[in-house]
Number of protein chains: 2
Amino acid sequence: MNNKVSIKDIARIANVSVATVSNVINQTGRVSANTINKVNKIIQEQQFVPSASARNLKNKNSHLIAVVVPFLEKGILQDNPFYWELVRGVENGARNHEVQVILLGTNEDEDFSFVKQRDLDGLIVVGTFGHSSALQKVMEMGVPCVFLDSYLSSPDLYQVNLDDEAGGYLGTKHLIGLGHKTIAALTGKLEEGGVNYFRYQGYLRALQECGISSDPELVIEEFSSIQGGYQAAQKIGSSKSRISAVFAFSDVSAMGLIRGLHDIGLSVPTDLSVIGFDDIFYTQFMIPSLTTIRQDVLSKGQTAVNMLLDQINGTVSSTRNVTIPVSLTVRQSTIPYSKKV
Amino acid sequence: MNNKVSIKDIARIANVSVATVSNVINQTGRVSANTINKVNKIIQEQQFVPSASARNLKNKNSHLIAVVVPFLEKGILQDNPFYWELVRGVENGARNHEVQVILLGTNEDEDFSFVKQRDLDGLIVVGTFGHSSALQKVMEMGVPCVFLDSYLSSPDLYQVNLDDEAGGYLGTKHLIGLGHKTIAALTGKLEEGGVNYFRYQGYLRALQECGISSDPELVIEEFSSIQGGYQAAQKIGSSKSRISAVFAFSDVSAMGLIRGLHDIGLSVPTDLSVIGFDDIFYTQFMIPSLTTIRQDVLSKGQTAVNMLLDQINGTVSSTRNVTIPVSLTVRQSTIPYSKKV
DNA sequence: TCAATTTGATTAAACGTTACATCACTGTAA
DNA sequence: TTACAGTGATGTAACGTTTAATCAAATTGA
C-alpha cells in the first residue's frame, strides 16, 4: 500500500526520461518551459516527493543538523529552561533554511558515530565539555560545528558565547551602586574558562574597580541549579561575614536561594538583595520579581544556526567568534543597602 | 579528504565479498566465526560505519521519528517547561531503541511532506490540534503515530493522555476538604474535548458530589500561560463572589496568578488558597510552594515512544489508549478556609 | 562410494536519485 | 553547401547498501 511514487513513475507518466524529471525538480534550467509545466503538473497530481535518502546517498548531505545537549539526561541542568530556549532558537533558525534538527541528549562517553552515519551537515554543541573526549571526537569528524556556550580556547573554532564577564561586572556594579559592600557570589561550579568563571572575573573586576577587596569566603560554589541555590542559603545564613547581597550566577539558582533564605527566616530584598543571571521568563513573576542579567537566548540559538549554515554552504568566511551582549534588568529583588531593615 | 570508507573497501581489504561484509554487520548468522572476526577487525581498524541513507534507501525505514510540538513558535505555551519535559522524555525513550529524534516546531499549516520525504518511522504529536487540517494530513500519510495530550475522539488512534478528569476532581476535592466553598477555576481555553475541558469536568463532578452548585461566574477562561494567570488575578480581585480558593489548571498560570494577586494586595494562601496542575519543577521552590496535581511527564514521553516503537515493529498489539494517573501534592499554597484571616 | 544435505561464500539486481556524456535537432555563420 | 554552436532531451553509471539466487566445498548418511 505504501508503494511510493518515484521519479521513474513520474517520468513514465510524463513520457520523458528520469533525467528530465530530475532536472525539473532541481531547476537546472536545462528544460523547456513546456516540459517543466507538464512534469510539475504530474508531480502535483501524484503527490510526488523526492526521497531524501536517495538524494543524500548521491549528494552526501543530509540537510540535517544535530543539536547536542550534553546534560539532557544528567539531570543537572535539565530544569533550566534556558537550555530549552536555546534549542528552540536553533530549531527556529534551521526551519528558515530547510534543514531539520535532530535533538540529541548525550552522555559524556557518546561516540558520535551517528554524525558520519547520517551524513549530518553540521553540529551545534551546547554547553561546555571542552576537556571531554567527546570534543576530540567531534573535531576528528571534520564536520562543520558551532559551539554554544562552550568557551573553548582554540581561536579557530566557531563559537557563540555570551559576554559573561560583562554580565558579572554589570550585576556587581549594580549592587555596589546600591551601597552593598559585602557581596556574595553564588557561582556554580567554577572551572577555569567556563561560563561561571568569566562571570566571576567580571564580579572581581567590579569589586576591584570600587576598591572592595574580594573575599574567598564569599564565593559559594554550589551547583548552579535550583537545589544548589537552596542549599547555598544555609551557608549564607551561617556565614560569619555580614552579607547584604548575593549575586547568583543563574536565575534558577537565585530562585532556589530565595526560597532557601525564606525557609531560614531571611527575606529578599529586605534582609538581602539578590540578583540573578539569564532572565528566564519566570523571573518577572516571582515574588519578589528578580533583578537579573538579561541575555537574548533565542537569538543566540538563531545566531548559532546561521553561523553553522554559512559554514556549511561556504557562503561567507564569517567571523568565528560571536559574543552576545548582556544587559541589566532591575526588578524588586535588589534594593539600596540603606533601606535594609 | 572526507572520502568515507564503504562496505566495498572493507570487502576488498578483507578479501571477501560485499555480501559477506553485509552479513557480518547484520549478524545474519550465515557467516563463519573466522570471517566474522576477520571482517570485524577490519571494520574496527577502518572505523567503518554503514551509511544510513544507503540502508534507508534499501530498507525503507530511517530509524528516525519526529516529535511535533505545534506551538514551538507560537509563543503561547513555549514557556511552559512542561512541554520540554515531554520532549525530553521522548528523546530519552528513543535513545534506548536506537532511533533518533527530529524536533519539529510546526505551525498550523505545516504540510508534513517531510514525513514521506525522510521515510520517518513514526511521529509523536504533542498537543491538541484535533480539528486542524494538519491532523488530517498526518493521518493520510499512514505513518505510525502517537498523540500525546491530544484528546482525540477516534478510538483507533494511539494516544497517551493524562487522567485529567481525575486531576480536576482531586484538586477540587482537596479544596472542598479544606472547607472552601467558593472555588474559582482558572481553566485556560475551554474547548470541548481538550485538556482543560476534562479537568473542568472533574471540577464539576467534585462540586456536585459535595452539593455545591457550580457558578459560571467562577470560571475564568484566561489563557493557560503565566501572563494569562496574571491577568486572571484582576478578574478575581474584582469579582462579586467571595472567592476563597482558585484551582489553576496549570502551574504556570498559577504562578502568574499568585504574582498577580500579590500585586493587587492579595496574598496566598492567607487571602486565597491556590492549587495548580502539572507539578513542574519550580513549584516546590515558589513562595509559597505550590499545592498541585502531579503528573509524571517524563514517563509520559517515554510511554509514547514505547507505544510508537511497538507499533512500528509490530511487536505487540498494545492498547491504543494509555491514561497516565495523577496524584495530589499538598504544599503551602492551600490552607483550611477557617484559618483565613 | 555416491547422493543428499549443510555450510559458507559469491554474484548481481535493486532501492531512488544525480550528473556526466551523448545525441538529435534547429538555426546561423562562413 | 558545410561546419558549428546552441537547445532540449536521453542513456547510464554511480552513490552504499541488502538480499534473493547461486554455487562450491565440506559433511553426512546409507
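Here is how names work: the chains are called A, B, and so on, in the same order as the sequence lines, proteins then strands, and each is numbered from 1.
Distance CD1/A:Ile65 to SG/A:Cys145: 10.5 Å, rounded to 0.5 Å. If you take CZ on A:Arg118 and CD1 on A:Ile102, they are separated by 5.0 Å, rounding to the nearest 0.5 Å.
Atom CZ of B:Phe48 is separated from atom C1' of D:dT17 by 8 Å (rounded to the nearest Å). Across the protein-nucleic acid pair, A:Asp119 atom CG and D:dC15 atom C1' stand 11 Å apart, rounded to whole Å. For B:Arg12 and D:dG16, the CZ to C1' distance is 14 Å, given to the nearest whole Å. A straight line from CD1 of B:Ile7 to C1' of D:dA14 spans 16 Å, rounded to a whole angstrom. As rounded to whole Å, 13 Å separates atom P of D:dG8 from atom CG of A:Asn37. In this structure, B:Gln46 places its CD atom 15 Å from P of D:dG16, rounding to the nearest Å.
In the 5' to 3' direction, nucleotides of DNA chain C lying under 4.0 Å from heavy atoms of chain B begin and end at C:dG8 to C:dG16.
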Can B:Asn306 and B:His97 be said to form a side chain to side chain donor-acceptor pair (under 3.5 Å), step by step? CA-CA 9 Å; B:Asn306 291 337; B:His97 298 268; 3.2 Å; yes
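Here A:Ser53 lies out of heavy-atom contact (under 4.0 Å) with every strand. Note on A:Val49: only backbone sugar-phosphate atoms sit closer than 4.0 angstrom, heavy atoms only; bases stay farther off. At a threshold of 4.0 angstrom between heavy atoms, the contacts of A:Asn56 with the nucleic acid are absent.
Near DNA chain D, meaning a heavy atom under 4.0 Å from it, residues 16-34 of chain A has A:Val16, A:Ser17, A:Val18, A:Ala19, A:Thr20, A:Arg30, A:Val31, A:Ser32 in order of number.
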Please set out all donor-acceptor pairs under 3.5 angstrom arising from side-chain atoms of residues 36-44 of chain B, sequence neighbours excluded.
{"from": "B:Asn37", "atom 1": "ND2", "to": "B:Ala33", "atom 2": "O", "distance (Å)": "3.4"}
{"from": "B:Lys38", "atom 1": "NZ", "to": "B:Ala14", "atom 2": "O", "distance (Å)": "3.4"}
{"from": "B:Asn40", "atom 1": "ND2", "to": "B:Ile36", "atom 2": "O", "distance (Å)": "3.4"}

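For B:Thr323, the side chain to side chain contact (heavy atoms under 4.5 Å, CB included) partners are B:Asp163, not counting sequence neighbours. Qualifying side chain to side chain contact (heavy atoms under 4.5 Å, CB included) partners for B:Ala304, counting only residues two or more places apart in sequence or in other chains: B:Ile124, B:Val146, B:Leu148, B:Val160. A:Phe48 is linked by a ring-ring contact (aromatic ring centres under 6.0 Å, His included) to nothing, counting only residues two or more places apart in sequence or in another chain.
Using a 4.0 Å cut-off between charged side-chain N and carboxylate O, A:Glu91 and A:Arg88 make no salt bridge.
Counting heavy atoms from C-beta on, the side chains of A:Arg55 and A:Asn26 come closer than 4.5 Å.
Nearest-nucleotide assignment on DNA chain C puts the 5′-proximal partner with B:Lys60, out of A:Lys58 and B:Lys60.
A close approach under 4.0 Å does occur between a side-chain nitrogen or oxygen of A:Thr35 and OP1 or OP2 of D:dA9.
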